[in-house]
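Inspection log for the structure reproduced underneath, given as structure tokens.
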Amino acid sequence: MKHPLIESYKEMFSDKYHFDGEEFFALYQEWIIKFGEAEKSKADFVWSMFNRIANSYAGKFKNELEMYTFMRGIYADMWQFLLKEGRDSSHVKRLMHY
């Protein structure tokens, strides 16, 4: 069941964004039931988790600077993920430099 991609991002999401590891694996289990265990499916799951985490923080900032600082960090992680996957990352890079 352990997969290096899933394990490494579970750790990052837990350490950096305080996302519960048990919830992460529960969501992953639901994902593989719906979409299978192909490598692309695993990468799509990680991408969906980035979006889930970004959305979960929406509206929780005191001001625009605080929001920008946090979101720039998550966009940087998203950008690195897309680069590692060999996928187009230009849309995320634009968000980082907004």
query = Given E39 and H3, is the side-chain contact (heavy atoms from CB on, under 4.5 Å) satisfied, shown in steps?
reply = CA-CA 10 Å; E39 290 303 308; H3 185 276; 3.1 Å; yes
Search all heavy atoms of I53 against all heavy atoms of Y57 and return the closest pair with its distance.
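Smallest interatomic distance, heavy atoms only, reads O-CD1, 3.1 Å.
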With rounding to the nearest 0.5 angstrom, report the [atom1] to [atom2] distance, [X] to [Y].
X: E7; Y: L5; atom1: CD; atom2: CG; answer: 10.0 Å
X: R52; Y: F19; atom1: CZ; atom2: CZ; answer: 5.5 Å
X: S89; Y: K84; atom1: OG; atom2: NZ; answer: 13.0 Å
X: S14; Y: E23; atom1: OG; atom2: CD; answer: 11.5 Å
X: K40; Y: R87; atom1: NZ; atom2: CZ; answer: 5.5 Å

* To do: Could you walk me through whether D88 and L82 pass the side-chain contact (heavy atoms from CB on, under 4.5 Å) test, one step at a time?
  => CA-CA 7 Å; D88 179 40; L82 291 174; over 6 Å; no
Quiz prompt | T69 (side chain) donor-acceptor with L65 (main chain) under 3.5 angstrom | solution =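 Present.
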task = Check whether any side-chain N or O of W31 sits under 3.5 Å from a backbone N or O of S41 as a donor-acceptor pair, and report yes or no.
result = yes
> In terms of ring plane angle, is the pair F24 and F13 parallel, tilted or perpendicular, where the classes change at 30° and 60°?
Replying inline: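 Plane angle between 30° and 60°, so tilted.
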Please assess M12 against F50 for the test side-chain contact (heavy atoms from CB on, under 4.5 Å), listing each intermediate value before the final yes or no. CA-CA 11 Å; M12 186 187 81; F50 273 120; 3.6 Å; yes
### Residue list, ring pair (Phe, Tyr, Trp, His ring centres under 6.0 Å) with W79, at least two apart or on another chain
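Not a single residue meets the ring pair (Phe, Tyr, Trp, His ring centres under 6.0 Å) criterion with W79.
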Without placing hydrogens or testing angles, list every side-chain donor-acceptor pair under 3.5 Å for residues 70-78, not counting sequence neighbours.
from : atom 1 : to  : atom 2 : distance (Å)
R72  : NE     : Y68 : OH     : 3.3
R72  : NE     : M96 : O      : 2.9
D77  : OD1    : K16 : NZ     : 3.1
D77  : OD2    : K16 : NZ     : 2.9
D77  : OD2    : Y17 : OH     : 2.4

